[in-house]
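Worksheet: one structure, shown below.
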Amino acid sequence: MLICRTIAEIKDFVRTARGAGQTVGLVPTMGYFHAGHLALMEEAGKTCDVVVVSLYVNPMQFGPREDLAQYPRDFERDCAMAREAGVDAIFVPTDEEMYPQGFATYVEVTGLTDRLCGQSRPGHFRGVATVVTKLLNIVTPDRAFFGRKDAQQALVIQRLVKDLNMDQEVVILPTVREEDGLAMSSRNVYLTAEQRRDALVLYRSLRAFRETVQRGERDAGKLRGMIYDLIAAVPGARPDYVEVLGLPELQPIEILQGGVIAAVAVRFGNTRLIDNVIMEV
Ligand code: PAF
């Protein structure tokens, strides 16, 4: 597995692969790999000749009081896991390489970013949209792979690729969960044993949502209230948001119809976790 620290190096690698007629898959990540990342790499390997992983903890998508400095990092372990997963090249740029002096261009997806994490993390999606646009322009993959856990991020990336007439196919894969239902996240390592137990309420409340919808409930307000109450009943859980919205625009709804998402963000101590369930009703 090639380790590329500069844009010139990864471009060179991709140029050679393309010259040999190979298709290229990109898995953008912030590292500290878990089974969710590995599932993206595996799918990229199945559907593309060459797999590139980018590993960059993008400062632009963190707010001033967020966990940029604490974000878990283990480059040696990540390299070993990526190599094991059959990744061909890993792109690990520095901040200087990504945002050199004088950098002044930003990508902003409006509307879709008004709610959920866009509301509770101002500037977050501007950072995500800007870095993902840069990564897609640098690597120019045929396909780029993202996880469904970050459902709003997935929608934002699909929209920017469409709106900016980019050629990439954006592939969104299902959330990978621990055996007990907790969605895989690099941030799970922050949790104490008690918080880890408390955090199961995310999946429990979303499963209750799904089952209640399956039994026929269509009132978005009632369903939202049910999820909220289940979460608020856990003393260690502080809900950041609980929303039931329509898809594909994340529009507010009163009655569930067509594509819907229930999305939650909850703090356990200083750790903020997100999860969601998507249904067609
Ligand atoms: O989902 C992530 O890990 C990040 O938001 C991404 C897409 C790699 C952009 O920094």
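Whatever order the structure lists ligands and atoms in, that order sets their numbers, starting from 1.
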State whether F209 and R224 meet the cation-pi test: NZ (Lys) or CZ (Arg) under 6.0 Å from the six-membered ring centroid, and within 45° of the perpendicular axis.
->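 Checked: cation-pi criterion not met.
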Would V244 and Y228 show up in the same hydrophobic cluster when neighbours are defined by side-chain heavy atoms closer than 4.5 Å?
->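 Same hydrophobic cluster.
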Quick one: which ligand 1 atoms are inside 4.0 Å of a heavy atom on V131?
->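 Checking each atom against V131, I get 9 (C), 10 (O).
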Just wondering, do S185 and Y190 contact through their side chains at under 4.5 Å, heavy atoms?
->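 They are not in side-chain contact.
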Using distance alone, determine whether T29 and ligand 1 share an N or O pair under 3.5 Å.
->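 By distance alone, the answer is no.
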N/O to N/O below 3.5 Å, does that happen between Q153 and ligand 1?
->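 N/O-N/O distance below 3.5 Å exists for this pair.
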Looking only at non-hydrogen atoms, which of M30, Q61, M60 approaches atom 9 (C) of ligand 1 most closely?
->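 Residue with the shortest heavy-atom distance to the ligand atom: Q61.
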Supply the atom-to-atom distance Q195 CD to L273 CG, rounded to the nearest 0.5 angstrom.
->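 That separation rounds to 9.0 Å.
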Distance-only side-chain donor-acceptor flag, E9 / T6, under 3.5 Å =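 The criterion, which ignores hydrogens and geometry beyond distance, is satisfied for T6 and E9.
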Per-residue contact class, I157 against ligand 1 - non-hydrogen pairs under 4.0 Å |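 Looking at I157 and ligand 1, no heavy atom falls under 4.0 Å.
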